[in-house]
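Written out below as structure tokens is the structure these notes cover.
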Amino acid sequence: MSVGLPARWTRRHLELLVEAAATTAPVFDPAALPRILPDHDLWDLWPVQEEDGSTCVIGGQELWMALSAPLLAHPEERHDQARIRLLAKDGDSWTDLGHAFADGASPGSREWSGSAVRRPDDTVSVFYTAAGRRGETPPTFRQRVVEARPALVADGRRILLDPGAEHRELLRSDGRMYLPAEEVTGAPGRIRAFRDPGWFRDPADGRDYLLVATSVAEGDPFSGAIALAETRNGAWSLLPPLVVAEGINHELERPHIIVHRSRYYLFFSTQRHSFHPADSAPTGLYGFVSPSLTGPYEPLNGSGLVLRNPSAEPDQAYAWLVLPDLHVVSFANYRSSPGVDLRSARAAQARAAFGGTIAPILKLTLNGMATSVVPAEAGVRHSAANP
């Protein structure tokens with residue numbers, strides 16, 4: 001596939017950004033929401049999709065995944081123990097189904113975000129980020145895109161993935177188009193990216209693609225970008241980026257595409273802390289639109305902003321994911337503390353303000369280059385189940 005020049009997300013676009021009701025989420029208190037798992041944090045959720053893009057339903061329950069970690073002293077420590085968890089959604093009720101993979105199955109020391117699709121043979125392709133290397137101490141920040149394809153086992157309302165599936169590395173940064181994500185030390189928000197594989201089947205050609213959050217050698221010290229990867233004869237290869245943040249932001253996380261009224265909407269999340277010090281923009285969901293998968297892409301709403309946290313609660317939610325029906329899911333992050341970056345605050349202060357569960361669901365309207373957010377729907381109920 002031929003990919004043209006990437007779309008450039010620039011300072012000129014950020015200058016068009018305004019706080020408006022159409023692109024601002026309603027306020028909520030992250031720390032006040034009920035938890036699905038009382039003894040675990042949950043974040044970065046995604047559905048198991050069918051190959052047509054819809055959400056997989058087993059026995060009347062939608063099948064979802066999310067990152068999880070035991071409740072640790074400081075919420076930011078969760079990234080060093082992240083595992084993928086299987087969840088079932090029945091209406092507004094969420095049920096825990098346990099870890100997606102067996103202990104030690106991943107080639108990394110942690111499992112970071114990805115996507116999943118159910119195949120016709122009742123296996124599930126789980127594309128995820130293997131961070132670090134199995135058994136390492138302390139954890140490093142090497143990142144690779146991995147696929148596991150376990151069988152889906154359903155017995156009544158008991159659902160699990162076969163723990164014996166192979167985990168196969170598909171992609172790693174090539175060091176040419178994309179900077180290597182091989183850092184030994186660092187921290188989330190301050191490292192290069194090669195992660196968050198987002199599966200997409202293009203209705204125009206029926207082929208599977210992956211979107212990957214990457215880093216390129218632009219800006220200071222690097223710029224975020226969204227890579228496209230294609231598969232031929234079972235082998236994946238990287239293509240040129242679709243979008244590059246031209247020296248303004250170094251993390252374009254969790255990229256994904258939906259097709260709506262024959263347009264391709266490319267979404268990603270980023271945090272206010274990830275913008276260049278000379279730039280100011282909110283933590284939010286951003287997006288571009290194109291007439292085809294390979295572009296040309298233009299920023300939505302002129303600036304690229306689709307959905308932001310309100311100024312009164314600038315960190316209330318993160319890691320938004322837009323579903324084909326335009327519902328938007330995310331996780332509850334931090335309740336604001338004026339003048340304090342809670343990522344580096346004292347553990348007790350950060351823990352008291354952290355949500356670590358699923359945020360209220362929103363919905364978008366898309367009208368060509370313009371978007372708007374619809375207020376939150378009914379609250380989320382939770383239940384626990386022993387896997």
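Note that the structure is predicted; figures quoted are calculated from it, not measured.
For R134, the CZ atom is densely surrounded, since the number of other residues' heavy atoms within 6.0 Å is greater than 12. Surrounding CZ of R133 are at most 12 heavy atoms belonging to other residues, nucleotides or ligands under 6.0 Å away. Atom CZ of R11 has more than 12 neighbouring heavy atoms from other residues, nucleotides or ligands inside a 6.0 Å radius.
Checked against the 6.0 Å centroid criterion, the rings of W199 and Y209 do not qualify as a close aromatic pair. Aromatic ring centres of H167 and F101: separated by under 6.0 Å.
Side-chain contact, E313 with S336: a donor N or O sits under 3.5 Å from an acceptor N or O. With hydrogens and angles left out, the side-chain atoms of R142 and T140 include a donor and acceptor closer than 3.5 Å. Looking only at atom types and distance, the side chain of Y128 has no donor-acceptor partner in the side chain of E147 under 3.5 Å away. A donor and an acceptor atom, one from each side chain of T23 and R308, are nowhere located under 3.5 Å apart.
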Step-by-step side chain to side chain donor-acceptor pair (under 3.5 Å) determination, S106 to E111: CA-CA 7 Å; S106 168; E111 300 159 9; 4.7 Å; no
side-chain contact (heavy atoms from CB on, under 4.5 Å) between V212 and D196, intermediate numbers included: CA-CA 6 Å; V212 185; D196 303 352; over 6 Å; no
Trace of the side chain to side chain donor-acceptor pair (under 3.5 Å) decision for N309 with T283: CA-CA 6 Å; N309 285 329; T283 295; 5.0 Å; no
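Ring-plane geometry between F141 and W112 is classed as tilted, the angle between the planes lying from 30 to 60 degrees on a 0 to 90 degree scale.
Distance OH/Y264 to CG/L293: 6.5 Å, rounded to 0.5 Å.
Closest non-hydrogen pair, V57 versus R118, comes out as O-NH1, 4.2 Å. Here the closest non-hydrogen pair linking V373 and L307 is CG2-CD1, 3.8 Å.
Both the sub-6.0 Å distance and the 45° axial angle are not jointly satisfied by R254 relative to the ring of W320.
When F268, Y265, F267, F200 are each tested for a ring-ring contact (aromatic ring centres under 6.0 Å, His included) with H256, only one passes: F267.
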